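A short write-up of the structure that comes next.
Along the sequence shown, residues carry numbers from 1. Small disclaimer: the values here were computed from a predicted structure and weren't measured.
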Amino acid sequence: MTGLVFLVIIIILLAINGRRLQNEEKRRAAAFIRDSYGKASVKNLSEERRKGLRLLLEEHLASKSSGEYIDDLTWSDTGMEDIFLQMDNCFSAPGEEYLFRQLHDLTLSKEELIYNDSVISELSEDEDLREKLSLSLYRLGFVKSGSLPGYLNKITGSGHILNPFFHILCDIYYIIVAVMAFYLPVIAVVFFVVIVLVQVSSYFSIRKKADDILSGFSMIVKMTSIADSLPVKKDSPAGSIIEELRANLKKIRLNTSFSSFLVNSGSNSSAGLFSLVFTYLNLLFHFDLIAAEFLLRKIDSQKETVLSSYDKAGFLDMCLSIASYRVFLENKAGFVRPEFSAGSGIIIKNGYNPLLEEPVPNDAENAGGLLITGSNASGKSTYMRMIAVNAILAQTVSTCPASFYGAPLFSIYSSIAVNDSILKGESYFMAEINSLKRIVDASGATGRPVICFIDEIFKGTNTSERIAAAMAVLKYLREKNVIVFAATHDLELTSLVADCYKNVHFSEHIEGNDISFTYKLEEGPSKSRNAIALLRMKGFPENVILESEKMCSVLDDSDV
């Protein structure tokens, strides 16, 4: 009797402590949501999670044509991976996956972008709605690996984990042992040890095979559990999606008496005291395996509803993240919603790169070709990346780091940071050719106008062939009505393509051993050089400097 009373007291204390921990977690979540809003994300994604995001992206893009998405080279060239990490204030796995996918996807129409903006704007303006929705989505949490769509395919493609009655029968043995303890305590102890060994060993064996299924059910149960906590706001863009999500979650009806055991099962289960308690209970009683086995028979008919719910939750979470990012940009140097035109040119006012600590805003206006010259480190590549980032963010999340953005919907390509590849057996020049070839191919293949960004075209080969090939390619792209931003050190190109490219440049000021850059775009081709000046500033021997200047004068006079 004393033992029973002691057990009841322990259960009551655990329940009280559990409630306290839940309240503390809610307070921490609310504080985190408020503190992170409007700030750059500080997340560090594991390599496993990055691979999972890439795999989901590949599946999403499998049905899309070239030009309908940001390819890997453009994504890398423009620093979009870092912008994604800066923007990623999502509270859940579906939101993070949706954001990563959306930043690659160029297929949204003007109407879809305007609708998405209306949801983002509503969440920006309605603080109460934003915080309540954030708290609900925060409960979904993140995953160490995999994703619900992948887990769901494995769930619906599996037969049985094991007959649930095997697990139930083993649990019944505990009752038999408990009764036996009153009459044959020694034998009961022996039987208890045997049952525990059988349960634990069989659990690990079965769970290893069923881990993805358990992780999938854990995510589904978490998702259905937020239905009642979602905020209520009807007759608005965000409110309508929330109501659709709530209705979907109520349709799924996968909550069982074992829901808590499922949530704390699988490789993506959370840490903490209660998770540990549930883990031990699952080891001894297989509650999660029993629940999963029964739910396997239900999930097939609910698959589309589950996926739709996951997608809606992800979209809402992405919109919350973009709302937060807009505040971050506003505090940095401002942001603007894009204006999409029917023309072919692009206009940007006070555009900047959000990755820079102290960006220098610049304008951009180009309805044809723009050839950018300037000395080393003057800002040519940064300028092109700024324009590319604005175009990508305009067409994916309707948010531009600028004071004005006007352009049509583009197919976007770049060839800026080309590298040779030892693994692929490519030289630098071959890698550059392949990079440029995809732009040439796209120039006549996409239904949308093409915009491209090319830095130091054909710099991997000799001077005469580089200039000749660069001139031919740049003129070809303009004949195909591609909007081209190209940067070069070859001043000869400024006159060779002057009939179809406007010349602009960046400059610097050199005084003694000091060099400073304005980082502001100026009209006309560059007239300055700074390579030899930089050698002097870095302390190269004076005879090297003098010999360089002498040979440079000879080459200039001979027009080599």
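Applying the ring pair (Phe, Tyr, Trp, His ring centres under 6.0 Å) rule to Phe335 yields no partners; only residues at least two apart in sequence or on another chain are considered. Evaluation of the ring pair (Phe, Tyr, Trp, His ring centres under 6.0 Å) rule for Phe91 yields no partner, not counting sequence neighbours. Considering only residues two or more places apart in sequence or on other chains, Glu244 meets the salt bridge (Lys or Arg N to Asp or Glu O under 4.0 Å) condition with Lys312. For the salt bridge (Lys or Arg N to Asp or Glu O under 4.0 Å) test, residues two or more places apart in sequence or in another chain that qualify with Glu96 are Lys43, Arg49. Considering only residues two or more places apart in sequence or on other chains, Phe485 meets the ring pair (Phe, Tyr, Trp, His ring centres under 6.0 Å) condition with Phe453. Checked against ring pair (Phe, Tyr, Trp, His ring centres under 6.0 Å), Tyr37 has no partners two or more places apart in sequence or in another chain.
Summarising the geometry of Val484 relative to Ile454, their closest heavy-atom pair is CG1-CD1, 4.5 Å, with the distance given to 0.1 Å. Heavy atoms only, all atoms of each residue included: Leu106 and Ser411 are closest at CD1-CA, 4.4 Å. The two residues Met80 and Val389 make their nearest non-hydrogen contact at SD-CG2, 4.4 Å. Here the closest heavy-atom approach between residue Ser414 and residue Thr78 is recorded as OG-CG2, 4.4 Å. When all heavy atoms of Gly345 and Pro408 are compared, the pair lying nearest together is O-CD, 3.2 Å.
Pairs of residues two or more places apart, or lying in two chains, never qualify as ring-ring contact (aromatic ring centres under 6.0 Å, His included) while including a residue from residues 387-412. Within the structure, every pair that satisfies the salt bridge (Lys or Arg N to Asp or Glu O under 4.0 Å) test and touches residues 332-348, not counting sequence neighbours, is listed here: Asp117-Arg337. For residues 355-397, the set of pairs meeting the ring-ring contact (aromatic ring centres under 6.0 Å, His included) definition, not counting sequence neighbours, comprises Tyr383-Phe506. Applying the side-chain hydrogen bond (donor to acceptor under 3.5 Å, both in side chains) rule to pairs touching residues 342-352 yields Asn350-Ser403, sequence neighbours excluded. Within the structure, the side-chain hydrogen bond (donor to acceptor under 3.5 Å, both in side chains) test picks out the following pairs touching residues 122-137 (sequence neighbours left out): Glu122-Lys233, Glu122-Ser236, Asp126-Lys233, Asp128-Lys132, Ser136-Ser229.
Here the side chain of Lys250 pairs no donor or acceptor atom with the backbone of Ala227 at under 3.5 angstrom. Between the side chain of Ser121 and the main chain of Ser118, no donor-acceptor pair closer than 3.5 Å is present. At least one donor-acceptor pair closer than 3.5 Å links the side chain of Gln86 to the backbone N or O of Pro354. A donor-acceptor pair is defined here as one N or O able to donate and one able to accept, closer than 3.5 Å; no such pair exists between the side chain of Tyr501 and the backbone of Ala486. Using a distance-only test at 3.5 Å, with no hydrogens or angles considered, no donor-acceptor pair links the side chain of His104 to the main chain of Ile70. A donor-acceptor distance shorter than 3.5 angstrom exists from the side chain of Lys39 to the backbone of Asp35, with no hydrogens or angles considered. Put simply, the side chain of Thr107 never gets that close to the backbone of Asp105: no donor and acceptor are under 3.5 Å apart. One N or O on the side chain of Ser443 and one on the backbone of Val440 form a donor-acceptor pair closer than 3.5 Å. No donor-acceptor pair under 3.5 Å is formed between the side chain of Ser308 and the backbone N or O of Thr305.
There is a side-chain donor-acceptor pair under 3.5 Å between Tyr413 and Ser66. There is no side-chain donor-acceptor pair under 3.5 Å between Arg466 and Thr488. Counting only N and O atoms by type, the side chains of Thr373 and Ser526 include no donor and acceptor under 3.5 Å apart. For Asp317 and Ser92, the side-chain atoms include at least one donor-acceptor pair closer than 3.5 Å. Thr494 and Asn503 form no side-chain donor-acceptor contact under 3.5 Å, judged by distance and modelled atom types alone. For the residue pair Glu97 and Ser147, no side-chain donor N or O sits within less than 3.5 Å of a side-chain acceptor on the partner. When only modelled atom types and interatomic distance are considered, Thr74 and Asp77 share no side-chain donor-acceptor pair under 3.5 Å.
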Legend entry - Worked check of side chain to side chain donor-acceptor pair (under 3.5 Å) between Asn89 and Ser36: CA-CA 7 Å; Asn89 271 321; Ser36 63; 4.7 Å; no
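Using a 4.0 Å cut-off between charged nitrogen and carboxylate oxygen, Arg385 and Asp455 do not count as a salt-bridge pair. Between Arg246 and Asp228 there is no salt bridge, since no side-chain nitrogen of the basic residue lies less than 4.0 Å from a carboxylate oxygen of the acidic one. We find that Glu523 and Lys502 are joined by a salt bridge, their nearest charged nitrogen and carboxylate oxygen being less than 4.0 Å apart. Between Glu48 and Lys51 there is no salt bridge, since no side-chain N of the basic residue sits under 4.0 Å from a carboxylate O of the acidic one.
Here the side chains of Asp88 and Phe100 are not in contact, with every heavy-atom distance at 4.5 Å or above.
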Cut-off 3.5 Å, no hydrogens considered: what does the side-chain donor-acceptor table look like for residues 355-362, sequence neighbours left out?
from: Asn362; atom 1: OD1; to: Leu521; atom 2: N; distance (Å): 3.0
from: Asn362; atom 1: ND2; to: Tyr519; atom 2: O; distance (Å): 2.7

